Amino acid sequence: NTIYMHGLVRDGKGQKMSKTTGNVIDPLETIDQYGCDALRYSLVTGCTPGQDIPLSMERVEANRNFANKLWNAGKYLQMNLADLSDVERDALKVTSPMTKEEMTALPLAERYIVSRCHELVEKVTGSLEAYSFGDAGQQIQAFLWDEYADWYIEVSKTRNSNPAQAAQAKRVLVYVFDRCMRLLHPFMPYLTETLWQLTPHEGDSIMVA
């Protein structure tokens with residue numbers, strides 16, 4: 001129903017691409033080197049209403065590193081759930097937003113990361129509805145990299161000595177990761193679908209979950 005008209009895609013210096021100047025970026029070569037999702041994420045988050053899109057390989061490489069960070073987080077999560085029974089895995093499937101009552105029963109660090117995740121969902125939804133795609137993508141990346149991967153995953157490792165807290169940490173790890181994969185899916189569809197399939201989930205695809 002809505003067509004979004006973005007600006008001209010230019011090279012990293014803001015120059016118009018042309019064969020004469022030799023600054024044309026071949027998307028197929030870029031995908032081979034950095035991955036489809038890294039290129040897609042770079043283009044979508046580079047959109048600013050009314051402005052052209054400067055596309056530098058440094059930016060694409062940085063977003064490839066972000067994809068690698070997500071892959072490592074997803075593989076850690078998969079490894080952390082490997083010893084669970086089918087019944088225990090089923091109990092971790094995310095079917096609805098966590099309620100305030102559920103959050104109240106969590107330790108402080110878990111309450112914090114879940115509340116920050118809920119804030120992220122609200123902010124990103126608002127940005128997407130306002131067609132601020134760059135802002136939405138950057139908010140997701142900042143949360144996943146700084147708060148989820150670099151902070152909460154490390155916190156979750158300290159819960160393993162207490163079975164009850166370890167179970168709560170697994171629940172929160174899956175819950176926040178599931179929510180973030182759904183938010184990031186329009187930007188990085190192949191990576192998010194693959195990682196989502198590795199975790200406990202309802203439905204056959206993240207597209208219809």
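Bear in mind that the values here come from a model prediction, so they are computed numbers and not experimental data. FYI, side chains are in, hydrogens and waters are out, and symmetry mates aren't considered; it's all heavy atoms of this structure.
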Can you tell me how far apart OH (Tyr34) and CE (Met57) are? Round to the nearest 0.5 Å. 6.5 Å
Looking at Val94 and Arg182, what are the two nearest heavy atoms and their distance? O-NH2, 3.7 Å
Over 12 foreign heavy atoms within 6.0 Å of NZ, Lys157: yes
Do Glu88 and Asp83 touch side chain to side chain, with heavy atoms closer than 4.5 Å? no
In this structure, CD of Gln197 is separated from NE2 of His201 (nearest 0.5 Å) by 4.0 Å
Do the non-hydrogen side-chain atoms of Phe187 and Thr192 ever get within less than 4.5 Å of each other? no
Minimal heavy-atom distance between Pro107 and Gln168, with the atoms involved, is CD-OE1, 3.4 Å
State whether Arg159 and Glu110 are salt-bridged, where the test is any N-O pair (Lys NZ or Arg NE/NH1/NH2 against Asp/Glu carboxylate O) under 4.0 Å. yes
Quick one: does Trp196's side chain get under 4.5 Å of His185's, heavy atoms only? no
Honestly curious: do Ile113 and Leu108 fall in one hydrophobic cluster under the side-chain, below-4.5 Å linking rule? no
What's the shortest heavy-atom distance between Ile53 and Gly7, and which atoms? CD1-O, 4.2 Å
For the residue pair Asn23 and Ser18, establish whether any side-chain heavy-atom pair is separated by less than 4.5 Å. yes
Distance (rounded to the nearest 0.5 Å) between Asp26 CG and Met17 CE: 10.5 Å
Taking it one step at a time, do Trp151 and Asp146 satisfy side-chain hydrogen bond (donor to acceptor under 3.5 Å, both in side chains)? CA-CA 6 Å; Trp151 180 73; Asp146 299 332; over 6 Å; no
For the pair Thr45 and Arg59, evaluate side-chain contact (heavy atoms from CB on, under 4.5 Å) and give the outcome as yes or no after the intermediate values. CA-CA 10 Å; Thr45 58; Arg59 181 184 181 91; 3.1 Å; yes
Cluster overlap Leu28 with Val9, hydrophobic side-chain contacts below 4.5 Å: no
Minimum heavy-atom separation for Ser42 and Leu55, please, with both atom names. CB-CD1, 4.1 Å
Answer whether the closest heavy-atom distance between the side chains of Cys117 and Glu147 falls below 4.5 Å. no
Heavy atoms from other residues, nucleotides or ligands near NE2 of His6 exceed 12 (cutoff 6.0 Å): no
Main-chain N/O of Tyr148 paired with Arg116 side-chain donor or acceptor, under 3.5 Å: no
Determine whether Leu43 and Val124 fall in the same hydrophobic cluster, where Ile, Leu, Val, Met, Phe, Trp and Tyr are linked whenever their side-chain heavy atoms lie under 4.5 Å apart. no
Considering only NZ, NE, NH1 and NH2 on the basic side and carboxylate oxygens on the acidic side, decide whether Lys93 and Asp90 come within less than 4.0 Å. yes
Under 3.5 Å, side-chain donor or acceptor atoms of residues 134-144 against the rest of the protein: list the pairs with distances, not counting sequence neighbours.
unit_1: Asp135; atom_1: OD2; unit_2: Ser127; atom_2: OG; d: 2.7
unit_1: Asp135; atom_1: OD2; unit_2: Gln139; atom_2: NE2; d: 2.8
unit_1: Gln139; atom_1: NE2; unit_2: Ser127; atom_2: OG; d: 3.2
unit_1: Gln141; atom_1: OE1; unit_2: Tyr41; atom_2: OH; d: 2.9

Would you indicate whether the side-chain heavy atoms of Val60 and Gln33 approach each other to under 4.5 Å? no
Considering only heavy atoms from C-beta outward, does the side chain of Met181 approach that of Ile206 to under 4.5 Å? yes
Answer whether the closest heavy-atom distance between the side chains of Val172 and Ser156 falls below 4.5 Å. no
How about Tyr175 and His118: are their ring centres within less than 6.0 Å of each other? yes
Is it possible for you to say whether Tyr76 and Phe66 belong to one hydrophobic cluster, with membership spreading through side-chain heavy-atom contacts below 4.5 Å? yes
Distance (rounded to the nearest 0.5 Å) between Leu77 CG and Leu198 CG: 9.0 Å
Measure across Leu183 and Pro186 and return the closest heavy-atom pair with its distance rounded to 0.1 Å. O-CD, 3.2 Å
Tell me if a side-chain donor or acceptor on Glu193 pairs with a main-chain N or O of Ser205 at a distance below 3.5 Å. no
Asp37 versus Leu191, closest heavy-atom pair with distance: OD2-N, 2.6 Å
Salt-bridge contact Asp150-Lys69 (side-chain N to carboxylate O under 4.0 Å): yes
In Å, rounded to the nearest 0.5 Å, how long is the span from CG of Leu92 to CZ of Phe177? 14.0 Å
Distance, nearest 0.5 Å, that separates CG of Leu106 from CD of Glu102: 8.0 Å
With hydrophobic residues grouped by side-chain heavy-atom distances under 4.5 Å, do Leu39 and Trp71 end up in a single group? no
